[in-house]
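Input: a single structure, listed below in structure tokens.
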Amino acid sequence: MVLSLFYHLLHLFNQSIKMVLIAVGQICSSAFLAENAKSVIRLINRASNLGCKVLFLPEASDYIAKNSNHSKQIVQSIDESHFIKPIQKQLKHLNSLGKSLCISVGVHEPSLNSDRVKNTLLWLNENGEIEQRYQKLHLFDVEISNGPILKESLSVEPGMEVLPPFDSPIGKIGAGICYDIRFPELSLRLRSLGAEILLFPSAFTMKTGAAHWELLARSRALDTQCFVIMAAQSGKHRTQTDEELALVGKEGTIVRESYGHSMVVDPWGTVISQCTDIGSSDSSGSKEDLCLADIDLDKLKTVRRDMPLWSQRRPDVFGYDV
């Protein structure tokens, strides 16, 4: 109660100096959509009670499958989703109470063009309506020595276009997803199109996360002089039912683990907020956490004014500009 009052007063103060409070969620999605929706709704309620205007959630918040075939089997259309529909209902309910909250959430959607699914990032407004949709461009096909082999292209159809930055309560948002962060041209293009905040919701592996997670986030912030928001999956994902686990035994358990460390980086490359490795856990073992940050666009303008990178770019030398 005391903490909620503190953040409410902080939010009122920030409003007076043109800051907006956001929340960045960290969850451990399972293969069960309705269960994951309950986890997200708990974070929605926490973020709303703290006075946040936007909640950012990870890639694949709706489910983490055990393999590519499993993903194709459990994917649901948005209109029938056991994940999205309860979330939309809760946002609409909060809005009716005067507690408006937008969310950015990563999901899977069926493809109309192939037997694969789409890895997309949805923007839901205060009334739960989908206003923006970005489809992941770069797919994570990686075989790590002494680590996991992940072939996202076996089950995921790549996107074919950049989503132009869109207006939000915190400024102009440019969207990417996870592996997209390794390709700077997307971030640079989004900055050229007017982005002030870049999103990279993710489910990083443990090995690549430990090595590159923060480094990539800070690099893209410095490249573009944008805020970078990294909502992350964290922990060991439950991809099998209790019955399946009983049949296959411990040796047959399929384990996928994500790095976590959800964070916000400012345009100067400073990590201004980050989730811990240990989140609250409910009776099902699902872990979830929030970190909070103020988005201060005046600071962004100052950084860009004092170091005018975009007016100093040299497309005349390189033959192209992003």
Side-chain angles (χ1 to χ4, degrees), residues 20 22-25 37 40 43-44 47-48 52-62 75-81 83-92 94-95 100-113 117-139 156-181 183 185-203 220 224 226-232 262 264 293 295 297 300 322:
V20 183
I22 65 163
V24 183
V40 166
L43 290 184
I44 286 173
S48 176
C52 299
K53 287 300 180 185
V54 186
L55 168 63
F56 296 92
L57 295 162
E59 174 187 31
S61 289
D62 57 340
V75 66
Q76 296 177 341
S77 68
I78 293 299
D79 291 338
E80 300 174 347
S81 174
F83 177 78
I84 284 293
K85 291 184 76 65
I87 291 170
Q88 291 177 306
K89 181 179 179 180
Q90 183 64 12
L91 289 176
K92 188 173 183 178
L94 288 173
N95 195 36
S100 61
L101 182 74
C102 299
I103 71 166
S104 169
V105 58
V107 300
H108 301 85
E109 298 184 71
S111 170
L112 301 177
N113 304 314
V117 304
K118 297 188 291 186
N119 184 333
T120 60
L121 184 63
L122 304 179
W123 178 266
L124 278 65
N125 67 16
E126 301 93 333
N127 220 31
E129 300 161 337
I130 298 171
E131 288 191 339
Q132 303 290 340
R133 178 184 271 103
Y134 166 74
Q135 186 175 348
K136 189 176 184 179
L137 295 180
H138 303 94
L139 302 184
V156 177
E157 172 191 281
M160 298 301 292
E161 59 185 7
V162 175
L163 175 68
F166 57 89
D167 291 325
S168 79
I170 63 171
K172 281 195 171 293
I173 288 178
I177 298 175
C178 199
Y179 199 48
D180 284 333
I181 199 172
F183 302 88
E185 54 269 27
L186 173 60
S187 297
L188 296 172
R189 179 60 177 157
L190 290 169
R191 161 70 201 270
S192 290
L193 291 173
E196 297 166 315
I197 301 101
L198 300 180
L199 310 183
F200 293 101
S202 301
R220 296 297 83 82
T224 63
C226 287
F227 285 92
V228 173
I229 298 175
M230 307 275 281
S262 296
V264 182
I295 300 302
L297 294 185
L300 177 144
V322 292

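Between Thr224 and Leu198 the shortest heavy-atom distance is OG1-CD1, 3.6 Å. Taking each heavy atom of Ser81 and Ile84 in turn, the nearest pair found is OG-N, 2.9 Å. A pairwise comparison of heavy atoms in Ser104 and Leu121 identifies OG-CD1, 3.4 Å as the closest pair. For Lys53 against Ser100, the heavy-atom pair with the smallest separation is NZ-OG, 3.6 Å. Nearest approach of Ala195 to Cys226, heavy atoms of both residues: O-SG, 3.3 Å.
Sorted by first and then second residue, the side-chain hydrogen bond (donor to acceptor under 3.5 Å, both in side chains) pairs with a member in residues 159-171 read Asp167-Lys172; sequence neighbours excluded.
Applying the salt bridge (charged side-chain N to carboxylate O under 4.0 Å, His left out) test between Glu109 and each of Lys118, Lys136, Arg133 identifies Arg133 as the sole match.
A donor-acceptor pair is defined here as one N or O able to donate and one able to accept, closer than 3.5 Å; such a pair exists between the side chain of Ser262 and the backbone of Ala232.
Rounding to the nearest 0.5 Å gives a distance of 8.5 Å between CD of Gln88 and CD1 of Ile103. Taking CZ of Phe227 as the start and CD1 of Ile173 as the end, the distance is 12.0 Å to the nearest 0.5 Å. Between Leu190 atom CG and Leu199 atom CG the span is 9.5 Å, to the nearest 0.5 Å. Note that CD of Gln90 and OG of Ser48 are 8.5 Å apart. Values are rounded to the nearest 0.5 Å. Atom CZ of Arg220 sits about 5.5 Å away from atom OG of Ser187, to the nearest 0.5 Å.
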query: What do the steps show when you test Phe183 against His138 for ring-ring contact (aromatic ring centres under 6.0 Å, His included), and what is the final call?
result: CA-CA 8 Å; Phe183 302 88; His138 303 94; 3.9 Å; yes

